[in-house]
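All remarks here apply to the structure that follows.
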Amino acid sequence: MNSREKHLLLEQWYRQYAASIFHYACQFTDYHSAEEIVQETFRIAWEAVRHQEIEYPRAWLRKIAENVMKNQFRQSERRNRLLVSADALPEDGRHEDPVDVELEYDGLISRQDLHLLKRLAVDGCTYAEAARELNTTAEACRKRAARAKQLLRKLLD
């Protein structure tokens with residue numbers, strides 16, 4: 001198919017199917033976005049029509065329009081996620097990674113005691129829950145945590 005034939009074919013399809021595609025797109029989006037979907041659909045059709053012969057142009061164009069809409073919705077969702085994550089940043093624009101307590105204070109007290117303090121203070125674990133993890137009683141867990149806190153305070157002062 002030469003350029004002139006392709007131009008005439010797509011012009012004919014545009015006259016026949018553009019309104020139909022526009023109304024289809026309006027079911028899912030606003031007026032201006034629907035216009036953009038029609039334009040993008042025929043831009044893609046212009047590029048693809050030379051590579052293949054189209055038996056059912058209306059269905060083919062509608063499928064292109066559907067894919068264009070899906071891509072626009074994905075882009076919109078990505079943009080919204082970026083905006084939401086940008087809202088979560090501190091006002092000064094700096095972003096700090098969360099502190100890994102066990103890495104930060106490793107070597108100051110025993111790893112088991114440090115893990116116990118992390119589970120209690122950072123993870124919000126109760127003494128009973130921590131005791132079950134350690135196969136001990138809640139009272140023994142409370143005493144162990146108190147000694148570990150006292151030692152850690154002493155070392156950090």
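Within a 6.0 Å radius of OH in Y14, other residues, nucleotides and ligands contribute 12 heavy atoms or fewer. Counted within 6.0 Å of CD on E139, heavy atoms from surrounding residues, nucleotides or ligands total more than 12; the atom is thus considered enclosed.
Hydrophobic clustering of Ile, Leu, Val, Met, Phe, Trp and Tyr side chains at less than 4.5 Å, counting indirect connections, unites L10 with V38. Tracing side-chain contacts under 4.5 Å through hydrophobic residues (I, L, V, M, F, W, Y), one reaches I54 starting from I44; they form part of the same cluster. Clustering ILVMFWY residues whenever any of their side-chain heavy atoms sit less than 4.5 angstrom apart, transitively, puts Y56 in a cluster other than the one holding I21. Taken together through direct or relayed side-chain contacts under 4.5 Å among Ile, Leu, Val, Met, Phe, Trp and Tyr, L8 and W13 form parts of separate hydrophobic clusters.
In this structure, E35 CD and T29 OG1 are separated by 11.0 Å, a value rounded to the nearest 0.5 Å. Distance check, rounded to the nearest 0.5 Å: CZ of R4 to NZ of K6 gives 13.5 Å. The CZ atom of R43 sits 4.0 Å away from atom CD of E40, with the distance rounded to the nearest 0.5 Å. The CG atom of L120 sits 11.5 Å away from the CZ atom of R142 when rounded to the nearest 0.5 Å.
Side-chain contact check for Q16 versus R58: every heavy-atom pair is 4.5 Å or farther apart. For the pair T137/Y127, no side-chain contact is recorded, criterion being any heavy-atom separation below 4.5 Å from C-beta on. A 4.5 Å side-chain heavy-atom check between H23 and Q27 finds every atom pair outside the cut-off. Y24 has its side chain within reach of E66: a pair of non-hydrogen atoms, C-beta onward, lies under 4.5 Å apart. H7 places a side-chain heavy atom less than 4.5 Å from the side chain of W46. Residues H115 and R119 are in side-chain contact: their nearest non-hydrogen atoms beyond the backbone lie under 4.5 Å apart.
Nearest heavy-atom pair across A130 and C125 is N-SG, 3.6 Å. Across every non-hydrogen atom of C26 and A34, the tightest pair is SG-CB, 3.6 Å. Taking all atoms of both residues into account, the shortest heavy-atom contact from L61 to A45 is CD2-CB, 3.7 Å.
The ring of F28 has its center no closer than 6.0 angstrom to the ring center of F73.
The only member of K118, R147, R144, K149 that meets salt bridge (Lys or Arg N to Asp or Glu O under 4.0 Å) when paired with D113 is R144.
Formation of a donor-acceptor pair under 3.5 Å by the T41 side chain with backbone atoms of I37 is found in this model. With hydrogens and angles disregarded, a donor-acceptor distance shorter than 3.5 Å links the side chain of E5 to the backbone of N2.
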